Amino acid sequence: MKIATFNINGIKARLPVLTDWLRDSAPDVAVLQEIKSVDQAFPREQIEDLGYTVETHGQKGFNGVAILSRLPLEDVTRGLPGDPDDEQARWIEATAMGARPVRICGLYLPNGNPAPGPKYDYKLAWMARLQARVHDILQTEEPATICGDYNVIPQDDDAARPEAWRDDALGLPATRDAFRRLVNLGLTDAFRAVDPGAGHYSFWDYQAGAWDRNLGIRIDHHLLTPQAADLLQAAWIEKDLRAREKPSDHVPVWVDLDA
DNA sequence: ATGCCGGCCCAAGGCCGA
């Protein structure tokens, strides 16, 4: 089961790139962030025509997540538990029915800038709720990937210029600590399990020639439960997509599970 | 660079992203 997480930065602006990518790269499951669309406006028919089931959790203008799957999806849930007043669309779950079922959890973790401030407080509170949800998921002892745009640079090796992120919400010690606590529940960073080296990024800013100068950061991740980590065949970043016409500022991050 | 680009709102300029 090939699963890709991809922050598309707007479904309306990215539909041609997305459909070309679905045709060319053919993920079994695509987990999308920043669809920036309400559910009713999501162009589901054009994606269904490519053989995908479409499940969205959107909101007007910002945020929004979705799961596209060529495998049947069961038990779809929307929204991260823990705060009934949180109206931001940043979490969706479904079980992809492959040879082995895999729980797919898609997330768009809050950016948190400027830090300190209320937006950073929201980020840390959201990460605490994520910690609680992942704790519960681990109790199921089932294969699962908790994947998406984490807006976290886990280590210095995950940034071309780590010093530039030390005081940023993506790289602050408290952010990294919260991410490490999450991993330490028993998750595996799939990409790092197969490639421990520096210089691998999943985001390059549109500005200041960041792509041309390879000034990237690795902030899109698959964190696998032990049962999913046991099925891990490969993990990679589809860097080439950043060089296409009208690209997202993120690229897809993949895992292949024996499922 | 406390926003250089790009997408969203929706028709202009502001908000947001990382």
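All of these numbers come straight from a predicted model, not from anything done at the bench. So that the names make sense, note that chain A is the first sequence line, chain B the second, and so on, each numbered from 1.
At distances below 3.5 Å, not a single donor-acceptor pair connects side-chain atoms of A:Tyr201 with backbone N or O atoms of A:Lys239. Side chain of A:Arg213 to main chain of A:Ala208: a donor-acceptor pair is present (N/O by atom type, distance under 3.5 Å, no hydrogens or angles). At distances below 3.5 Å, at least one donor-acceptor pair connects side-chain atoms of A:Arg192 with backbone N or O atoms of A:Asp195.
Contact check on A:Arg166 versus A:Asp156 returns a salt bridge, with a Lys/Arg side-chain nitrogen under 4.0 Å from an Asp/Glu carboxylate oxygen.
Rounding to whole angstrom units, CG of residue A:Asp249 and C1' of B:dG3 are separated by 13 Å. Residue A:Gln59 contributes atom CD, which lies 17 Å from atom P of B:dC15 at whole-angstrom precision. The nearest whole Å value for the distance from the OH atom in A:Tyr120 to the C1' atom in B:dT2 is 19 Å. Separating the NZ atom of A:Lys119 from the C1' atom of B:dG3 is a distance of 13 Å, rounded to the nearest angstrom. Following rounding to the nearest Å, A:Gln33 (CD) and B:dG17 (C1') show an atom-to-atom distance of 14 Å. For the pair A:Lys123 NZ and B:dC16 P, the computed distance is 16 Å after rounding to whole Å.
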A correct 5'-to-3' footprint of nucleotides 5-14 of chain B, with B, S and - meaning base, sugar-phosphate only and no protein heavy atom under 4.0 Å, is BSBSSS----
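Here A:Asp149 lies in heavy-atom contact (under 4.0 Å) with sugar-phosphate atoms only.
Straight-line distance between the P atoms of B:dG14 and B:dG3: roughly 14 Å, to the nearest whole Å.
The aromatic rings of A:Phe191 and A:His200 sit perpendicular to each other, their planes meeting at more than 60°, with 30° as the lower class boundary.
A:Arg244 CZ: more than 12 foreign heavy atoms inside a 6.0 Å radius.
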